[in-house]
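What you see is a predicted model; the values in this text were computed from it and never measured. The chains referred to below are lettered A, B, ... by the order of the sequence lines, with proteins before strands, and numbering in each begins at 1.
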There are 2 protein chains.
Amino acid sequence: MASRIVCAVTDATRRAPSMYDVAARAGVSHQTVSRVLNGFAGIRPETRDRVETAIADLGYRPNKAARALVTSRTRAIGVLAPATTDFGPTSSLHAIERAVRDAGYHPLITSTPVEAEAVRASLEFLLDQSIEALVVIAPYRVVLDELRDLHGDLPIVALQTGEFSDVSAAGIDQVAGARLAVRHLLDLGHRGIQQLAGPDAFIEAAVRRRAVDDELHSHGIPKLPTLTGDWSADSGYAAGALVDNAATAVVCGNDQMALGLIHALTDLGRRVPQGVSVVGFDDIPESAHSLPPLTTVHQDFEEVGRRAVHALVARLEGRDADDESVAVTPELVVRASTAAV
Amino acid sequence: MASRIVCAVTDATRRAPSMYDVAARAGVSHQTVSRVLNGFAGIRPETRDRVETAIADLGYRPNKAARALVTSRTRAIGVLAPATTDFGPTSSLHAIERAVRDAGYHPLITSTPVEAEAVRASLEFLLDQSIEALVVIAPYRVVLDELRDLHGDLPIVALQTGEFSDVSAAGIDQVAGARLAVRHLLDLGHRGIQQLAGPDAFIEAAVRRRAVDDELHSHGIPKLPTLTGDWSADSGYAAGALVDNAATAVVCGNDQMALGLIHALTDLGRRVPQGVSVVGFDDIPESAHSLPPLTTVHQDFEEVGRRAVHALVARLEGRDADDESVAVTPELVVRASTAAV
DNA sequence: ATTTATCGGGCGCGCTCCGAA
DNA sequence: ATTCGGAGCGCGCCCGATAAA
């Protein structure tokens with residue numbers, strides 16, 4: 001009893017109020033408080049009122065840790081996001097966080113540098129927080145490799161993984177995108193079509209690269225050496241010097257590289273689109289206002305994020321996901337960086 | 001006893017192992033397990049080994065909820081980030097998350113649409129998770145308004161708030177940035193300098209706008225009507241039609257608007273920089289490769305994030321923050337969108 | 001006997017669930 | 001029809017126990 005009193009005094013140093021404090025103030029038992037908190041039926045309105053005002057008066061907030069402990073549920077869904085400022089992953093991230101929240105779960109986001117070590121650490125962290133599921137924005141091979149070793153019973157969904165199939169995935173239909181870009185160039189009469197691809201460490205880059213090659217090949221277009229960048233505008237600029245003389249068009253793995261490429265081409269005295277047509281991939285917001293405005297393959301990253309979460313939550317709640325792997329169809333946005341040959 | 005057994009059977013359906021399971025397997029008490037877990041001294045190496053292999057064998061992970069419950073500490077730091085794909089906030093976000101983690105805390109990120117309702121909801125969420133501190137990427141007035149009503153004893157730091165002073169803040173020295181931009185133009189001989197500012201709802205936009213005005217005024221430059229955009233390249237494009245005929249230079253509130261503006265100007269037959277010089281703000285990665293490459297005020301968003309976290313953690317741990325409000329100095333990056341008049 | 005190293009038992013954190021009043 | 005008491009979730013802390021020196 002003495003300790004109780006001491007405790008009450010110590011409380012002056014602002015300990016968070018507990019259920020019992022609320023109960024005491026409302027003149028009910030802790031159980032009744034719990035009931036109104038969790039919206040159970042069978043509470044007399046008057047009692048409910050008393051409890052609710054007590055809650056308000058005390059500024060009481062249920063302790064999530066205690067709840068998680070007893071229910072052994074956290075309702076937390078981990079999100080592993082690459083620590084980049086790229087438009088794609090970032091758009092997806094916001095959409096994911098939104099969708100997770102809307103589904104009644106708590107997103108637990110980790111932004112992770114793209115190296116095995118860091119990915120592993122982030123995964124560890126998320127596991128430590130006892131997440132109930134995981135969504136991975138995983139354009140990188142490294143990330144997927146780490147995922148493989150994961151504890152088996154954690155529902156996982158991955159985004160933008162190309163055709164990777166060990167875990168359920170959502171992404172853009174890269175083959176369709178590549179087709180869109182190439183056909184557009186073909187329609188314009190181009191035959192000297194070169195590719196500036198993203199780094200192979202990105203699964204989507206590889207898929208995209210192959211899809212472009214295939215499409216080119218199936219139309220009997222002779223293959224020019226494939227250029228490779230690292231997604232950055234700088235690398236696109238560097239690639240500019242290597243564009244084949246026979247090329248009248250270049251299809252780029254993303255918009256940033258396309259922008260850099262156009263810059264380089266211009267510096268080199270080759271005009272876009274008069275001399276060389278350039279098509280990008282992604283449709284970042286700046287692309288509409290580059291000079292010339294960039295023709296590109298639009299991808300709805302937010303939609304990808306949303307669908308991924310829906311599939312995951314469906315699985316989590318036992319509902320059958322309509323489809324394990326969801327592919328969002330890209331769209332070609334024709335602007336001024338491409339012209340008839 | 002019977003229930004115990006039922007429980008043990010039920011365990012086959014994979015309940016996470018507890019400390020007691022580890023203890024049993026290692027032939028020690030739970031207390032000893034706790035000790036090795038928390039790196040206490042006074043454990044015989046041999047005992048420690050036994051415990052550690054038991055942990056590994058079982059794949060045991062301490063239950064954070066239980067720990068949080070008993071220590072009444074979460075080591076979680078909330079991060080309120082705007083749900084945009086803008087370069088600035090995004091860079092800061094990653095830097096913050098990194099810094100928080102490095103300081104031994106857990107970042108709890110919420111990305112939040114920029115409206116009072118959503119901000120309030122995010123704040124509620126974070127508070128519910130009993131975070132120990134909060135870092136807010138708060139370029140918006142709405143966000144700061146919500147912050148005011150917050151429970152008093154939560155350490156808070158805000159980023160990119162202009163000169164806001166109710167909470168401790170970190171940001172770029174906007175006045176210095178504005179000065180850099182204006183002086184550069186002045187040095188180039190410009191006298192007809194117009195401003196394309198960001199929306200007033202963003203504190204930094206307002207600060208920046210006033211700083212530019214002040215600088216212009218103090219040099220006796222006549223004021224041309226200030227244009228306003230919403231940060232987007234589209235709004236910059238729209239503003240292009242409104243550029244004053246007397247203007248030989250425009251200083252823009254960010255790079256995206258500058259890009260849009262240049263696009264519009266070009267469409268309108270005014271060349272950049274020959275006809276009009278344009279300077280941006282931020283130095284987003286694309287700016288180096290726009291045509292013409294953009295002269296802009298570089299801001300180190302990551303540094304801002306890092307410093308904010310350092311200040312916060314210092315406060316959290318009782319160490320005196322060296323300085324309550326930290327300002328990072330911006331740099332002018334001269335490229336090709338500005339030229340002598 | 002008195003210290004020193006090593007270990008264990010019990011209590012309670014705030015909550016939800018179960019059975020009883 | 002409402003409300004209450006008690007048990008226990010997994011863990012850390014306080015204190016006491018044991019063996020070693």
Side-chain angles (χ1 to χ4, degrees), chain A residues 1-4 6-8 10-11 14-51 54-55 58-75 128-130, chain B residues 1-4 6-8 10-11 14-51 54-55 58-75 128-130:
Chain A
M1 207 46 183
S3 79
R4 257 283 170 241
V6 169
C7 203
T10 314
D11 282 4
R14 204 89 59 233
R15 184 188 51 103
S18 85
M19 235 169 163
Y20 287 92
D21 300 318
V22 176
R25 190 175 230 276
V28 298
S29 81
H30 72 279
Q31 171 57 3
T32 304
V33 178
S34 173
R35 278 181 134 83
V36 339
L37 240 32
N38 296 316
F40 271 94
I43 304 274
R44 202 180 306 153
E46 172 207 320
T47 313
R48 174 184 302 274
D49 268 4
R50 282 218 314 285
V51 171
I55 289 177
L58 261 38
Y60 167 74
R61 285 172 189 280
N63 182 321
K64 296 275 172 159
R67 178 183 304 207
L69 180 59
V70 66
T71 61
S72 64
R73 289 211 52 187
T74 57
R75 299 199 69 81
D128 275 348
Q129 309 298 314
S130 38
Chain B
M1 206 48 184
S3 78
R4 255 283 171 244
V6 169
C7 203
T10 314
D11 283 4
R14 206 86 63 232
R15 184 189 52 103
S18 84
M19 236 172 168
Y20 288 92
D21 300 319
V22 175
R25 190 175 231 275
V28 297
S29 79
H30 78 280
Q31 172 56 7
T32 304
V33 178
S34 173
R35 282 183 145 95
V36 338
L37 240 31
N38 296 318
F40 271 94
I43 303 280
R44 202 181 305 151
E46 173 207 317
T47 312
R48 172 183 306 273
D49 268 4
R50 281 219 314 284
V51 171
I55 289 176
L58 261 39
Y60 167 74
R61 286 173 188 280
N63 182 322
K64 296 275 171 160
R67 179 181 302 204
L69 180 58
V70 67
T71 58
S72 65
R73 289 212 50 187
T74 57
R75 299 198 70 81
D128 275 349
Q129 308 299 313
S130 37

Subject >> Comparing L69(B) and T32(B) on DNA chain C - which has the more 5′ nearest nucleotide >> reply: T32(B)
**OP:** Can you measure from CZ (R35(A)) to CZ (R48(A)) and round to the nearest 0.5 angstrom?
**Re:** 10.5 Å
Original post:
Between R50(B) (CZ) and dC7(C) (C1'), how many Å, whole number?
Top reply: 11 Å
Original post:
To the nearest 10 degrees, how far apart in direction are the end axes of the helix from dT4(C)-dA19(D) to dA21(C)-dT2(D), each fit to five base pairs?
Top reply: 40°
Original post:
Distance check: side-chain N/O of T47(B) vs OP1/OP2 of dC7(C), anything under 4.0 Å?
Top reply: yes
Original post:
Between D128(A) and K64(B), is any pair of side-chain heavy atoms under 4.5 Å apart?
Top reply: yes
Original post:
Rounded to whole angstrom units, what separation is found between the CD1 atom of I43(B) and the P atom of dT4(C)?
Top reply: 19 Å
**OP:** Treat primed atoms plus P, OP1 and OP2 as sugar-phosphate and everything else as base, then score nucleotides 15-21 of chain C 5' to 3': B for base contact with protein heavy atoms under 4.0 Å, S for sugar-phosphate contact only, - for none.
**Re:** BBBB---
**OP:** Would you indicate whether the side-chain heavy atoms of R67(B) and N38(B) approach each other to under 4.5 Å?
**Re:** yes
**OP:** Report yes if the side chains of I55(A) and L37(A) come closer than 4.5 Å at any heavy-atom pair, otherwise no.
**Re:** yes
Original post:
At their closest point, which heavy atom of F40(B) faces which heavy atom of I43(B), and how far apart are they?
Top reply: O-CG1, 3.9 Å
Original post:
Between atom CZ of R44(A) and atom CG of D49(A), what is the distance when rounded to the nearest 0.5 Å?
Top reply: 12.0 Å
Subject >> Closest approach of R25(B) to L58(B) (non-hydrogen atoms, all atoms of both residues) >> reply: NE-CD1, 3.1 Å
Subject >> Contact list for residues 18-39 of chain B, test ring pair (Phe, Tyr, Trp, His ring centres under 6.0 Å), sequence neighbours left out >> reply: Y20(B)-H30(B)
